[in-house]
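Shown next, in structure tokens, is the structure this report addresses.
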Amino acid sequence: MPDEAQFKALDYERLSEREQLRRSGEFLRRMLKRRSVRQFSSEAVPVELIERAIRVAGSAPSGANQQPWTFVVVSDAELKRRIRQAAEAEEKESYERRMSPEWLAALEPLGTDWRKPHIEDAPYVIVVFRQAYGIGRDEDGNDKRIMHYYSEESVGIAVGFLLAALHISGLATLTHTPSPMKFLTKILARPANERPYVVIPVGYPAAEASVPAISKKTLDEILLRR
Ligand code: IYR
């Protein structure tokens, strides 16, 4: 049993059922409006919105509370240009040679291709890195690897929090996974324990932005009652 002194009372407010329903209804209504956006305006976004959303992401649960994530917020035009160029080079190869006909068919309704102008158009691109292991010191002062537990799951949860927070703040996002994305480690000069996880352009949608007319599964399709 852990030492009691290392614990504190849970800060928890019990809500009335009416308030629970009100909040959950409002959150659901807002979240159902979230769409992946591929056309961005270059209009500036208050950086505080980005910082707060990353604080929300950083509050996510993680394996052994190791918080195995790094969020690189890119606004520098030259860095965005280099990321776009490298992403497009990989994506062109993927779309033209690496992706199976089955995969390409699955993406057909989304209308995606190798071109990624949103990486330069969006005022911010958040590149999320997963820390596959931590770096500590042994008794001799040398670097020592610290095992990270469930880092994939942990970062996935944090990214979910991040996308929700950005959306609730009135910002548009795209969950972009160029493949392979090792180029991000190099361009952003991240250490070897950090693996690129996802690239998230963030901003206001372009005035002419359109989205595919696709829908989500119904509750009955995703919820089993036993
Ligand atoms: N990574 C590519 C292809 C792509 C793959 C999936 I799965 C998508 O849902 C969308 C795109 C790209 O970003 O275009």
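Count residues from 1 along the sequence. Indexing begins at 1, ligand by ligand and atom by atom, following the structure's order.
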I'd like a table of the close N/O pairs between ligand 1 and the protein (anything under 3.5 Å), one pair per line with both atom names and the distance.
| unit_1 | atom_1 | unit_2 | atom_2 | d |
| --- | --- | --- | --- | --- |
| ligand 1 | 1 (N) | Glu91 | OE2 | 3.2 |
| ligand 1 | 1 (N) | Thr177 | O | 3.0 |
| ligand 1 | 13 (O) | Glu91 | OE2 | 3.1 |
| ligand 1 | 13 (O) | His176 | ND1 | 2.9 |
| ligand 1 | 14 (O) | Glu91 | OE2 | 2.9 |
| ligand 1 | 14 (O) | Tyr95 | OH | 2.6 |
| ligand 1 | 14 (O) | Lys116 | NZ | 2.5 |

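The minimum heavy-atom distance linking Trp114 with Glu96 is given by the pair NE1-OE2, 4.3 Å. Closest heavy-atom contact between Glu91 and Ser179: OE1-N, 3.4 Å.
The side-chain tip of Arg130 does not point at the ring of Tyr197 from less than 6.0 angstrom away and within 45° of straight on.
With sequence neighbours left out, Asp121 forms a side-chain contact (heavy atoms from CB on, under 4.5 Å) with Phe40, Pro117. For Arg115, the salt bridge (Lys or Arg N to Asp or Glu O under 4.0 Å) partners two or more places apart in sequence, or in a different chain, are Asp113.
Within the structure, salt bridge (charged side-chain N to carboxylate O under 4.0 Å, His left out) pairs that include any residue of residues 203-226 do not occur (at least two apart or interchain).
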